Asker: 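Quick one: the structure is below, questions incoming.
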Amino acid sequence: MDPSELYERHRKTLEEAVGAIRGRYFWSPYPESPSPKVYGEEAAPAGKAAFEAYLGRDFPLEGHPGTGDRVVTERSPYGLALGTGYPRAGADALIAASQKAAGPLRDAGPDARAGICLEILDRINKRSFEMAHAVQHTSGQAFVMAFQAGGPHAQERGLEAVAYGHDMTTGYGGTVRWEKPQRKGDPLVMEKRFTAVPRGVSLLIGCNTFPTWNAYPALFASLATGNTVIAKPHPRAVMPLAITVAVARDVLAECGLDPDAVLLAAERPEDRIAADLALRPEVRIIDFTGSSEFGDWLEANARQAAVFTEKAGVNGVVVDSTDSYKGMLGNLAFSLSLYSGQMCTTPQNIFLPAGGIDTDEGHKSADDVAEDLSGALGRLLGDPAKAAGVLGAIANDGVLERLSAAEGLGEPVRRSEEVAHPDFADATVRTPAVVRVGPDRDDVYGREHFGPISFLVPTSGTEESLRLLRESVGRRGALTASVYSTSEEVLTEAEKAALDAGVNLSENLTGQVFVNQSAAFSDYHGSGANRAATTSLTDPAFVAGRFNFVQSRRHG
């Protein structure tokens, strides 16, 4: 298969994607609805069957480097036995294979690479139901969320990165004829060629909770700009990236390129292959989502590489007043509950005046707000089937440990409760805990409590609330911030605080847009302007650091 044919096949999609990243408007080529009317009657059962075929056996990755040893590390938060084995390869073998594949991928050029990337995404999109089951049973997301966030929404983020990569490498490169007029005689004429040269091997370190959504921007940004990719998934969420790698390798091989341009680095927790690979001089790009501890270590020690990290943060909400009290409470309740708070964008700290707030239902005391928020959570999660669809399942034991300790951190407003999942008897499902603490307890609310744990912090007033938001983001970082107010003056001050802290702000969300969600081609995920992340998904800086322009010239 000629890569140029793929480029022509997908050219319209690419052009529309470039238009979307420039215009920041809504656009998507990948439908987010798992309806059979969209994907066909056979897509859902075929996807489930494909997922089940992986269980209890070796995952098919033909020709992949590795010993006969297999890595089996995943467990479903829903209690389903997985038992899938993946090839285990050492750092030396992975880097040697990746370097061998680098030259042909670079020489293919930006159009061919874009065509290959879009074909990979198109094939993955057709397997969205298969991917949804893989994401659900490794991350704990509820099925619909796993389909959307693990499928089409992740694919959008991948396409977004391809659009940036192709636009930047072709918009400033190519061959030109340079002519400089002279006072006497013919002009000086030069033929100049500008080539975007990839940095080299890229290492992608995936996370447990969003194994594709957080990985695809890095994977496709690197691939589109000519860098080979070693994908190191979280040991508990290997299958989604294994499916991705398998599809990518198929497309590369069909195009006559070395499939080792995309590799899977499955590991046992004790292997620490990510740390080994990260320090290798051949690794020139590192993308990481996870703990601040390891992210900080990468930034400090992987000096040979361009390092892009998304780490822990403390997301805050400032409540000043509202003209939609029920809408505010419902929006907050859903934001706190979605995927059991296991999102890097979930709000944790809710700052509100101790004297209460003005609303369309009259003045509400701080106690009223606490009680009414608890009531909104109860209404949202009262039905076990509905609750399971919102909450999903707890991904790891650390979340459960933090949740069990939450009540001891302050005054409980709402205690976490177990929920029986209607389809999976062994699923680990918990409702959010809400705890009230004073504004002086920065030792509590000033650090991240990843999971369904949030804090109500009564303050002396909105001025102090904004100060605490600014200070907490400055110290710990944040991916999101939000504010509720009917005062334009307060909204202006909140935006100034967000700009000072370098955090993206949402104002007066009361409907079906939530602070912990972001839309590809329009919203930036993270800013790269505070400690929670060194980058934004996806902006020009995320892509530009993956290549350099090198020129050659001769007389014309």
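Since the structure is predicted, the reported quantities are computational estimates derived from the model, not experimental observations.
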Asker: Under a 3.5 Å distance rule, please check whether Ser340 uses its side chain to pair with a backbone N or O of Leu391 as donor and acceptor.
Answerer: yes

Asker: State whether the side chain of Asn208 and the backbone N or O of Thr138 hold a donor-acceptor pair below 3.5 Å, judged by distance alone.
Answerer: yes

Asker: May I ask you to decide if Tyr524's main-chain N or O and Asn504's side chain share a donor-acceptor pair within less than 3.5 Å?
Answerer: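 Between the backbone of Tyr524 and the side chain of Asn504 there is a qualifying donor-acceptor contact (under 3.5 Å).
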
Asker: Does Phe521 have its ring centroid less than 6.0 Å away from the ring centroid of Phe26?
Answerer: no

Asker: Using modelled atom types and a 3.5 Å cut-off, is there a donor and acceptor pairing between side-chain atoms of Arg402 and backbone atoms of Phe450?
Answerer: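 Yes, because the side chain of Arg402 sits within donor-acceptor range (under 3.5 Å) of the backbone of Phe450.
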
Asker: Please work out whether the ring planes of Tyr216 and Phe220 are parallel, tilted or perpendicular, with thresholds of 30° and 60°.
Answerer: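 If you compare the ring of Tyr216 with that of Phe220, the planes turn out perpendicular.
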
Asker: Taking Arg476 first and then Asp443, would you say they form a salt bridge - that is, a charged N and a carboxylate O separated by under 4.0 Å?
Answerer: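 The answer is no: the pair does not qualify as a salt bridge.
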
Asker: Could you walk me through whether Leu373 and Leu332 pass the side-chain contact (heavy atoms from CB on, under 4.5 Å) check?
Answerer: CA-CA 8 Å; Leu373 177 59; Leu332 283 173; 4.1 Å; yes

Asker: Under a 3.5 Å distance rule, please check whether Arg249 uses its side chain to pair with a backbone N or O of Val262 as donor and acceptor.
Answerer: yes

Asker: Donor-acceptor pair, distance only, cut-off 3.5 Å: does the side chain of His64 make one with the backbone of Leu263?
Answerer: no

Asker: If you measure from the Lys or Arg side-chain nitrogens to the Asp or Glu carboxylate oxygens, is any gap between Asp372 and Arg379 under 4.0 Å?
Answerer: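 Looking at Arg379 together with Asp372, the answer is no, because their closest N to O distance does not fall below 4.0 Å.
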
Asker: Without hydrogens or angle criteria, can the side chains of Ser335 and Gln517 be said to hold a donor-acceptor pair below 3.5 Å?
Answerer: no

Asker: For side-chain contact (heavy atoms from CB on, under 4.5 Å), just list the numbers for Ile230 and Leu204, CA-CA rounded to whole Å, side-chain angles, deciding distance to a tenth of an Å, and then say yes or no.
Answerer: CA-CA 6 Å; Ile230 300 174; Leu204 164 60; over 6 Å; no

Asker: Taking C-beta and beyond as the side chain, do Pro452 and Val399 meet within less than 4.5 Å on heavy atoms?
Answerer: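 Contact flag for Pro452/Val399 side chains = yes.
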
Asker: Under the criterion salt bridge (Lys or Arg N to Asp or Glu O under 4.0 Å), I'd like the reasoning laid out for Arg475 against Asp442: C-alpha separation, chi angles, the key distance, then a yes or no.
Answerer: CA-CA 11 Å; Arg475 284 194 296 269; Asp442 176 70; 2.6 Å; yes

Asker: Between Tyr30 and Gln148, is any side-chain donor less than 3.5 angstrom from a side-chain acceptor?
Answerer: no

Asker: Is the closest side-chain donor-acceptor distance between Ser485 and Asp320 under 3.5 Å?
Answerer: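 Yes - a donor-acceptor pair under 3.5 Å links their side chains.
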
Asker: Under a 4.5 Å cut-off applied to non-hydrogen side-chain atoms, are Asp287 and Ile205 in contact?
Answerer: no

Asker: Where the side chain of Glu52 meets the backbone of Ala49, is there a donor-acceptor pair that is under 3.5 Å apart?
Answerer: no

Asker: With a 4.5 Å limit on heavy-atom distance, are the side chains of Glu448 and Cys344 in contact?
Answerer: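 Not touching, per the 4.5 Å side-chain cut-off.
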
Asker: Determine whether the side chains of Thr459 and Ser465 contain a donor N or O and an acceptor N or O closer than 3.5 Å.
Answerer: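 Judged by distance alone, the side chains do pair up.
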
Asker: Thr359 side chain to Gly362 main-chain N or O, any donor-acceptor pair under 3.5 Å?
Answerer: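 The answer is yes, because a donor-acceptor pair under 3.5 Å joins these two groups.
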
Asker: Would you check if the side chain of Thr538 reaches a backbone N or O of Glu160 as a donor-acceptor pair within less than 3.5 Å?
Answerer: no

Asker: Verify salt bridge (Lys or Arg N to Asp or Glu O under 4.0 Å) between Arg127 and Asp122, making sure each step is shown before the conclusion.
Answerer: CA-CA 9 Å; Arg127 297 169 65 170; Asp122 184 65; over 6 Å; no

Asker: With distance as the sole criterion, is a donor-acceptor pair present between the side chains of Ser28 and Glu156 under 3.5 Å?
Answerer: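 Side chains of Ser28 and Glu156: pair found under 3.5 Å.
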
Asker: Can you classify the ring geometry of Phe129 versus Phe147 as parallel (below 30°), tilted (30 to 60°) or perpendicular (above 60°)?
Answerer: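 Phe129 and Phe147: tilted rings.
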
Asker: Taking the side chain as everything from C-beta on, heavy atoms only, tell me whether Tyr54 gets closer than 4.5 Å to Ile243.
Answerer: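 A side-chain contact exists here, since the closest heavy-atom pair is under 4.5 Å.
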
Asker: Does a side-chain heavy-atom distance below 4.5 Å link Met328 with Asn331?
Answerer: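 Counting from C-beta outward, Met328 and Asn331 never come under 4.5 Å.
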
Asker: Classify the side-chain pair Glu299/Thr309 by whether it contains a donor and acceptor separated by less than 3.5 Å.
Answerer: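 Yes, side-chain donor-acceptor contact under 3.5 Å.
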
Asker: Given side-chain contact (heavy atoms from CB on, under 4.5 Å), test Ser518 with Trp213 step by step and report yes or no.
Answerer: CA-CA 11 Å; Ser518 64; Trp213 197 97; 3.6 Å; yes

Asker: Kindly determine whether Phe542 and Leu537 satisfy side-chain contact (heavy atoms from CB on, under 4.5 Å), including the steps that lead there.
Answerer: CA-CA 7 Å; Phe542 181 70; Leu537 305 178; 3.6 Å; yes

Asker: Between Phe424 and Tyr78, is a ring pair (Phe, Tyr, Trp, His ring centres under 6.0 Å) present by the stated rule, with each step listed?
Answerer: CA-CA 6 Å; Phe424 300 98; Tyr78 292 94; 5.1 Å; yes

Asker: Asp276 and Arg272: salt bridge (Lys or Arg N to Asp or Glu O under 4.0 Å), yes or no, with the steps?
Answerer: CA-CA 7 Å; Asp276 292 343; Arg272 292 185 56 80; over 6 Å; no

Asker: Whether Glu417 and Arg430 form a salt bridge (side-chain N of Lys/Arg under 4.0 Å from carboxylate O of Asp/Glu) is what I want to check.
Answerer: no

Asker: Testing the basics here: between Leu55 and Ala81, what is the closest heavy-atom pair and its distance to 0.1 Å?
Answerer: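 Nearest pair, atom of Leu55 first, then Ala81: CD1-O, 4.0 Å.
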
Asker: Would you check, one step at a time, whether the test ring pair (Phe, Tyr, Trp, His ring centres under 6.0 Å) holds for Phe308 with Phe288?
Answerer: CA-CA 6 Å; Phe308 304 93; Phe288 168 76; over 10 Å; no

Asker: As a quick check of understanding, evaluate side chain to side chain donor-acceptor pair (under 3.5 Å) for Thr84 and Arg70, giving each step before the final call.
Answerer: CA-CA 9 Å; Thr84 308; Arg70 288 294 180 265; over 6 Å; no

Asker: Flag the pair Arg88 and Glu267 as a salt bridge only when some basic side-chain nitrogen lies within less than 4.0 angstrom of an acidic carboxylate oxygen.
Answerer: no

Asker: Do Ser291 and Lys311 have side chains that get closer than 4.5 Å, going by heavy atoms?
Answerer: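 With C-beta onward as the side chain, the pair stays apart.
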
Asker: Compute whether any side-chain donor of one residue and acceptor of the other, for Arg236 and Ser76, lie under 3.5 angstrom apart.
Answerer: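 No, Ser76 and Arg236 have no side-chain donor paired with an acceptor closer than 3.5 Å.
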
Asker: Can you tell if the side chain of Arg75 reaches within under 4.5 Å of the side chain of Leu82, non-hydrogen atoms only?
Answerer: no

Asker: Would you call the rings of Trp297 and Phe294 parallel, tilted or perpendicular, taking 30° and 60° as the class edges?
Answerer: parallel

Asker: Between His449 and Gln348, do the side chains contain a donor N or O and an acceptor N or O under 3.5 Å apart?
Answerer: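 No pair is found: no donor N or O on one side chain lies under 3.5 Å from an acceptor on the other.
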
Asker: Can His525 and Glu310 be said to form a side chain to side chain donor-acceptor pair (under 3.5 Å), step by step?
Answerer: CA-CA 10 Å; His525 173 73; Glu310 182 187 311; 3.0 Å; yes

Asker: Consider only side-chain N and O atoms of Tyr86 and Asp58, and report whether a donor and an acceptor are under 3.5 Å apart.
Answerer: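 Note: Tyr86 and Asp58 side chains miss the donor-acceptor criterion.
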
Asker: Take atom CD in Glu371; do more than 12 heavy atoms of anything else shown fall under 6.0 Å from it?
Answerer: no

Asker: Does Ser321 reach the main-chain N or O of Thr486 with its side chain, forming a donor-acceptor pair under 3.5 Å?
Answerer: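 Yes, the answer is positive, given that a donor and an acceptor are paired below the 3.5 Å cut-off.
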
Asker: Answer yes or no: is there an ion pair linking Asp360 with Lys326, defined by an N-O contact shorter than 4.0 Å?
Answerer: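 Looking at Asp360 and Lys326, the cut-off is not met.
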
Asker: With a 4.5 Å cut-off on side-chain heavy atoms, are Val390 and Phe334 touching?
Answerer: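 Contact flag for Phe334/Val390 side chains = yes.
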
Asker: Going by the rule side-chain hydrogen bond (donor to acceptor under 3.5 Å, both in side chains), which residues pair with Glu464 if we only count those two or more places apart in sequence or in a different chain?
Answerer: Ser460, Arg467

